[in-house]
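Have a look at the structure below, then the notes.
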Amino acid sequence: MRKLVGLTLLPPVLGLGACDVQVRDTTPAEFTANHDIGMYEVSAAVTRGSLVTAGSVFVFALGPRQRITLSSRADGSEWHGLYSVRCQSSFPLQFQTEWKSLFEVEQKIVPAQPRQVRLIEPPLTRRANFTATGQQPKGGWPGGVQYSFITQPSVRITAAHIEPDSTAAQDVAAAVPLAVTSTFPVVAGCAELVEVRVASTAAHARGTLVIDTDYPAVPHWQTHVEFSPP
């Protein structure tokens, strides 16, 4: 009698796995931020139990105030969709799966706590060239180096200064005519172009503009600046 009870319980236990769906997050750990598009591909791999049909499975990506329906390959093993986010340095990601089992609609969310997908700030301005035309204006020939930050709602450029490109005598001399003329802080809203103003009292001058910000991901940035006659 005891053996009979054990055998009758065995099929339902095996059936639990056959009616289950496993989900594995295959989204990259990070993306380079792109404010123009503002969308990033998220993906998941799905393994179905033997009693779960491909057409009965639906997968969604979850984020703050959004539930994104993912599309799949014909066999239902890979799911993809576009997650919308701007002006953030990361976004939280979970996947919700729904499927029809033998008796009811099942649902699960993985992982239990959202994981953060990092968005990397693209490189800022690396080089700025200016033409020193005509007679030298009072205060020197002006120039403006533009910067834009896209992974924060707001960034403050707190200070800036000029350094020689190297310790070589010619580089030190070439940087002497350069000066920063902006007042600080310069506040940049998300994706807003702002300028750090510079000036040169010589038609030929070059050096490195170093800016300091309150954004930990980009605490400093160097831009090569050069003035030359037309």
Side-chain angles (χ1 to χ4, degrees), residues 28-42 82-91 116-230:
E30 60 188 29
F31 295 94
T32 298
N34 185 328
H35 187 81
D36 292 336
I37 298 173
M39 304 185 82
Y40 305 90
E41 186 177 40
V42 296
L82 294 175
Y83 190 114
S84 177
V85 60
R86 283 186 171 92
C87 303
Q88 301 294 329
S89 59
S90 66
F91 62 86
Q116 294 293 323
V117 179
R118 184 184 174 205
L119 297 179
I120 301 170
E121 185 76 39
L124 303 181
T125 304
R126 296 187 186 278
R127 189 177 188 91
N129 295 308
F130 306 104
T131 303
T133 58
Q135 188 173 3
Q136 178 186 324
K138 183 180 179 180
W141 285 278
V145 182
Q146 294 188 326
Y147 298 99
S148 177
F149 302 85
I150 64 173
T151 58
Q152 286 289 289
S154 178
V155 173
R156 287 159 44 100
I157 300 175
T158 56
H161 65 276
I162 298 291
E163 295 181 354
D165 289 337
S166 76
T167 57
Q170 62 269 29
D171 286 338
V172 173
V176 169
L178 297 175
V180 176
T181 58
S182 287
T183 57
F184 297 94
V186 175
V187 181
C190 180
E192 177 187 2
L193 277 175
V194 296
E195 280 190 344
V196 173
R197 304 293 298 174
V198 295
S200 174
T201 55
H204 287 279
R206 68 179 186 278
T208 299
L209 172 65
V210 182
I211 64 168
D212 304 324
T213 84
D214 65 352
Y215 185 17
V218 192
H220 313 286
W221 187 261
Q222 296 184 349
T223 303
H224 178 78
V225 174
E226 185 164 354
F227 284 79
S228 58

- Message: I need the minimum non-hydrogen distance between Phe227 and Trp141, along with the two atoms involved.
- Response: CE2-O, 3.4 Å
- Item | Under 3.5 Å: donor-acceptor pair, side chain of Arg197, backbone of Thr183 | no
- Query: Does one side chain, of His161 or Glu163, offer a donor that lies under 3.5 Å from an acceptor on the other?
  - Reply: yes
- Item | Contacts of Ala160 that satisfy side chain to side chain contact (heavy atoms under 4.5 Å, CB included) - sequence neighbours left out | Val180, Phe184, Val196, Leu209, Ile211
- Hey, what do you get for CD1 (Ile150) to NE2 (His35), rounding to the nearest 0.5 Å? 7.0 Å
- Thr181 to Ala199 - nearest heavy-atom pair and separation: CG2-CB, 3.9 Å
Indicate every side-chain donor-acceptor pair of residues 123-136 with a distance under 3.5 Å to a residue at least two apart or in another chain.
| residue | atom | partner | partner atom | Å |
| --- | --- | --- | --- | --- |
| Thr125 | OG1 | Gln146 | O | 2.5 |
| Arg127 | NH2 | Glu226 | OE1 | 3.4 |

- Message: Quiz question: by atom type and distance under 3.5 Å, do the side chains of Thr151 and Glu121 form a donor-acceptor pair?
- Response: yes
- Item | Plane angle bin for Phe149 and Tyr215 - parallel if under 30°, tilted between 30 and 60°, otherwise perpendicular | perpendicular
- Task: Please lay out, stage by stage, how Trp221 and Thr213 fare under the test side-chain contact (heavy atoms from CB on, under 4.5 Å).
- Result: CA-CA 8 Å; Trp221 187 261; Thr213 84; over 6 Å; no
- Would you kindly say whether Thr223 and Tyr147 are connected by a side-chain donor-acceptor distance under 3.5 Å? yes
- Passes side-chain contact (heavy atoms from CB on, under 4.5 Å), Val85 versus Phe31? Steps please. CA-CA 12 Å; Val85 60; Phe31 295 94; over 6 Å; no
- Item | Asp214 and Thr158 side chains, donor-acceptor separation under 3.5 Å | no
- Query: Which atom pair, heavy atoms only, marks the closest approach of Pro137 to Pro142?
  - Reply: CG-CD, 4.3 Å
- Task: Provide the closest heavy-atom pair for His220 versus Asp212 in the form atom of the first, atom of the second, distance.
- Result: ND1-OD1, 2.8 Å
- Query: How far apart are the closest heavy atoms of Ala202 and Ser200, and which atoms are they?
  - Reply: O-OG, 2.6 Å
- Query: Are the side chain of Tyr40 and the backbone of Ala33 linked by a donor-acceptor contact shorter than 3.5 Å?
  - Reply: no
- Of the non-hydrogen atoms in Ser182 and Glu195, which two are nearest, and what is the gap between them? OG-O, 4.0 Å
- Item | Donor-acceptor contact present, side-chain Arg206 to main-chain Leu178, <3.5 Å | no
- Query: CZ of Arg86 to CG of Asn34: how many Å apart, nearest 0.5 Å?
  - Reply: 8.5 Å
- Message: Could you measure the distance from the CD atom of Gln88 to the CZ atom of Arg118? Nearest 0.5 Å is fine.
- Response: 14.5 Å
- Message: Pro216: which residues meet the side chain to side chain contact (heavy atoms under 4.5 Å, CB included) condition with it, sequence neighbours left out?
- Response: none
- Taken to the nearest 0.5 Å, the spacing of Glu192 CD from Ser154 OG works out to 8.5 Å
